[in-house]
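Numbers restart at 1 for each chain; the letters A, B, ... are given by sequence-line order, proteins then strands.
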Amino acid sequence: MKNALVAKILNRVADFLELKEETFRVRAYRRAAHTIQLLPTDIEEYAKKRKLTELPGIGRNIAEKVEEILETGRLSYLEKLEKEYPIDMDSLLAIEGIGPKTIKILYEKLKIKNLQDLEYHARRGDLRKIKGIGEKKEERILQSIEFVRSTLGRRLLAYAEPIAEYIKSLIEGHPAAERVEIAGSIRRGGETIGDIDILTTTKKPKEIIDYFTSLEVADEIIAKGTKKAIIRLEDGLECELRIFREEEFGAALLYFTGSMEFNVELRKLARSKSMKLNEYGLYKNGKRIASKTEKEIFKALGLEYIQPELRENNGEIEAAARGNLPSLIREDQIMGDLHIHTIWSDGTETIETMARAAKSLGYEYIAVTDHSGSLKIAGGLDEEKLQRQIEEIDNLDLKVHIFKGIEVNIRLDGQLDIPDDILSKLDIVIASIHSPGREDMTERILSAIQDKHVHMIGHPTGRKLFQREEYPLNLDRIFEEAAKTGTILEINANPIRLDLRDIYIKKAIEYGCKLAINTDAHRLPDLHNMKWGVKTARRGWATPHDIINTLKIEKIKRIF
DNA sequence: GCCGTTTTCGGCCCGACTGTTTTCAGTCG
């Protein structure tokens with residue numbers, strides 16, 4: 001699966017073309033990269049069938065380049081550009097307040113190629129001698145270098161969202177604040193977050209802006225105007241506040257929720273209908289015809305309401321025009337958690353504690369699925385321990401049903417590490433890979449899917465955000481086989497995993513796969529991670545019908 | 001570089017803020 005690599009290379013080409021000020025070519029490359037990033041199918045499939053140009057934004061020229069990347073892992077065109085400008089664009093562009101124009105000047109005047117060069121000259125005060133850069137900017141650059149180095153700029157959704165909620169509550173506490181909403185990628189439920197966007201309506205903008213910029217959480221004020229302000233929080237995360245009037249709020253929320261690609265497409269749609277869309281409203285013949293709510297703007301554009309999680313320009317606008325959007329799953333429809341660990345393996349709580357907590361979340365059932373024996377590091381269960389665990393569950397009498405389960409390892413040869421006669425005593429068997437090896441990962445998972453004792457595949461692609469790439473898998477084969485055998489695929493709700501991820505969920509559903517959203521909880525608070533799993537499922541266009549743990553206890557008992 | 005039942009050529013989303021400017025370019029989202 002080289003989609004990520006291809007998209008990265010095309011984006012890099014776009015970065016260099018920015019230096020040449022080839023605006024529209026830049027846009028073309030970015031659009032192609034975006035298409036490939038969202039593609040749930042191996043791009044090589046399209047290349048093999050010579051169907052690359054059927055993808056939106058990919059014409060003959062870029063198709064040729066994609067083919068070259070797939071064949072050689074490189075792109076001679078990019079290498080030519082890199083020779084022309086031997087600059088580390090990635091890291092320089094990550095610096096706040098520096099864009100392509102500045103990079104070009106810095107390279108031409110000071111031969112700045114990377115962060116080290118930039119820091120060196122910023123400390124010497126060389127930058128301020130350049131036209132367009134002053135003392136302030138130089139200072140900001142130095143601070144930003146530190147931030148980029150320390151964090152790579154992005155955070156997990158589960159990390160950023162509570163911070164955003166807290167700041168939102170602070171603003172709501174101000175008497176002049178009216179409506180306050182979190183927008184941006186947090187509202188879309190994106191798996192990682194670049195910054196926090198908050199919108200508010202007020203009749204006293206200045207008071208709110210002053211209040212916001214003087215908050216204790218504001219480590220530094222990055223921008224402060226009459227309609228917007230940006231602060232940097234202690235940990236480097238940036239939070240932007242925008243002020244709007246009540247009658248503009250829908251347009252503002254729509255615009256600042258994004259994504260950028262979605263906005264561009266929506267504005268294009270408006271233009272095609274001789275209208276104009278901006279963050280203040282939808283206009284026709286210079287007259288504002290919709291702006292108060294997102295709903296009325298969608299309606300005026302001839303669209304169904306599009307949930308924030310779907311706004312990625314990945315087919316949702318077309319579906320909304322046809323009135324074909326899925327009715328997305330909600331957290332309150334989840335009836336149980338089917339992947340939970342306890343002190344029997346590497347969890348921190350007893351079965352009873354986890355079960356009671358699940359009950360308080362309104363669940364009808366859970367599955368206790370501790371690790372199997374070969375995962376020694378996690379205190380895996382052997383046959384004897386498993387038997388005793390089964391007895392413990394039998395002796396518990398709680399108001400929540402407990403399925404007896406196990407999370408069994410898929411060994412390198414694709415076999416499970418617990419014998420069949422034991423597995424057949426259990427209600428639910430989750431098979432997961434915990435030790436990636438050189439063997440064909442697709443085959444390993446396929447053989448687990450085909451095992452008649454296996455009900456579910458845990459965290460199928462193995463990716464961990466900021467930590468580990470997904471396994472090289474042929475997901476078409478896996479989804480096809482899972483659909484055929486009725487093997488459930490997990491949407492692991494751990495915020496580092498979120499695995500399956502959004503685009504794969506969408507594809508699995510198209511294959512007819514059944515999915516389950518599980519927390520894989522090891523500690524008590526982990527049970528609340530369900531929220532992130534549901535958001536991810538929504539981003540994958542999942543309806544309650546696709547998610548088996550929306551079933552009531554009587555119905556799900558027929559499965560296990 | 002891509003795209004097209006208004007076009008195969010001429011378009012390609014739109015506005016706020018900052019810093020360094022004497023009226024605006026660059027950056028950001």
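- A:F24 places its CZ atom 10 Å from the P atom of B:dG11, with the value rounded to the nearest Å.
- Contact annotation: A:N263 side-chain N/O to B:dC13 OP1/OP2 distance is not under 4.0 Å.
- Considering all non-hydrogen atoms of both residues, A:L38 and A:N313 come closest at CD1-O, 4.2 Å.
- Applying the side-chain hydrogen bond (donor to acceptor under 3.5 Å, both in side chains) test to A:N263 and every residue at least two apart in sequence or in another chain returns nothing.
- Across all strands, A:T226 comes closer than 4.0 Å only to sugar-phosphate atoms, never to a base (heavy-atom distances).
- If you measure from atom CG of A:N278 to atom P of B:dA16, you get 8 Å, rounded to the nearest angstrom.
- There is a side-chain donor-acceptor pair under 3.5 Å between A:E68 and A:S76.
- Counting to the nearest Å, the C1' atom of B:dC17 and the CD1 atom of A:I230 are 8 Å from each other.
- Under the Watson-Crick and G-U wobble criteria, each requiring two contacts below 3.5 Å, nucleotide B:dT8 is left unpaired.
- Stacking of A:K507 on the aromatic ring of A:F479 is not recorded, the 6.0 Å distance cut-off and the 45° axial limit not both being met.
- Of the N and O atoms on the side chains of A:Y511 and A:E480, not one donor lies less than 3.5 Å from an acceptor on the other residue.
- Ring centroid separation for the pair A:Y280 and A:F244 comes in under the 6.0 Å cut-off.
- The minimum heavy-atom distance between A:I503 and A:L39, with the atom names listed, is CD1-O, 3.9 Å.
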Interface polar pairs with nucleotides 27-29 of chain B, N/O, under 3.5 angstrom:
unit_1, atom_1, unit_2, atom_2, d
B:dT27, OP1, A:G99, N, 2.7
B:dT27, OP1, A:G99, O, 3.0
B:dT27, OP1, A:T102, N, 2.9
B:dT27, OP1, A:T102, OG1, 2.3
B:dT27, OP2, A:K101, N, 3.2
B:dT27, O5', A:G99, N, 3.4
B:dC28, OP1, A:I95, O, 3.4
B:dC28, OP1, A:G97, N, 2.8
B:dC28, OP2, A:I98, O, 3.4
B:dG29, N2, A:Y255, OH, 2.4
B:dG29, N3, A:Y255, OH, 3.3

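- Residues passing the side-chain hydrogen bond (donor to acceptor under 3.5 Å, both in side chains) test with A:D197, sequence neighbours excluded: none.
- A distance of about 35 Å separates the C1' atoms of B:dT27 and B:dT8, rounded to the whole Å.
- Here the shortest heavy-atom pairing between A:T202 and A:K204 reads OG1-N, 2.9 Å.
- If you check every strand for non-hydrogen atoms under 4.0 Å, A:I133 touches sugar and phosphate atoms only.
- Sorted by residue number, the list of members of residues 200-211 of chain A with any non-hydrogen atom under 4.0 Å from DNA chain B is empty.
- Across all strands, A:L17 comes closer than 4.0 Å to no nucleic acid atom at all (heavy-atom distances).
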Under 3.5 Å, N/O pairs linking protein and nucleotides 6-9 of chain B:
none

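- Here, B:dT21 and B:dG26 have their C1' atoms 12 Å apart, quoted to the whole Å.
- For A:R128 and B:dT21, the CZ to P distance is 13 Å, given to the nearest whole Å.
- B:dC9 and B:dC14 have their C1' atoms separated by 25 Å, given to the nearest Å.
- Heavy-atom distances to DNA chain B give each of A:L277 and A:E138 a nearest nucleotide, and the one nearer the 5′ end belongs to A:L277.
- OP1 or OP2 of B:dA16 has at least one side-chain nitrogen or oxygen of A:Y280 nearer than 4.0 Å.
- Between A:I130 and A:K276, the residue anchored nearer the 5' end of DNA chain B, judged by the nucleotide with its closest heavy atom, is A:K276.
- Its glycosidic angle being more than 90° from 0, B:dT22 falls on the anti side.
- Spacing between atom CD1 of A:I221 and atom P of B:dC17 amounts to 15 Å, rounded to whole angstrom units.
- Spacing between atom CD of A:E139 and atom C1' of B:dG19 amounts to 13 Å, rounded to whole angstrom units.
- The closest side-chain donor-acceptor pair between A:H121 and A:D126 falls under 3.5 angstrom.
- Following rounding to the nearest Å, A:E265 (CD) and B:dC13 (C1') show an atom-to-atom distance of 11 Å.
- Shortest non-hydrogen contact noted between A:A176 and A:I208 is C-CD1, 3.9 Å.
- Nucleotides B:dA16 and B:dC12, compared at atom C1', are 22 Å apart to the nearest Å.
- The gap from the P atom of B:dC13 to that of B:dC17 amounts to 23 Å, rounded to the nearest Å.
- Among the protein residues, A:E18 comes within range of no part of the nucleic acid, since none of its heavy atoms lies under 4.0 Å from any strand.
- Using a 4.0 Å cut-off between charged side-chain N and carboxylate O, A:R50 and A:E67 make a salt bridge.
- Under the rule for a side chain to side chain contact (heavy atoms under 4.5 Å, CB included), the partners of A:K111 that lie at least two apart in sequence or sit in another chain are A:Y107.
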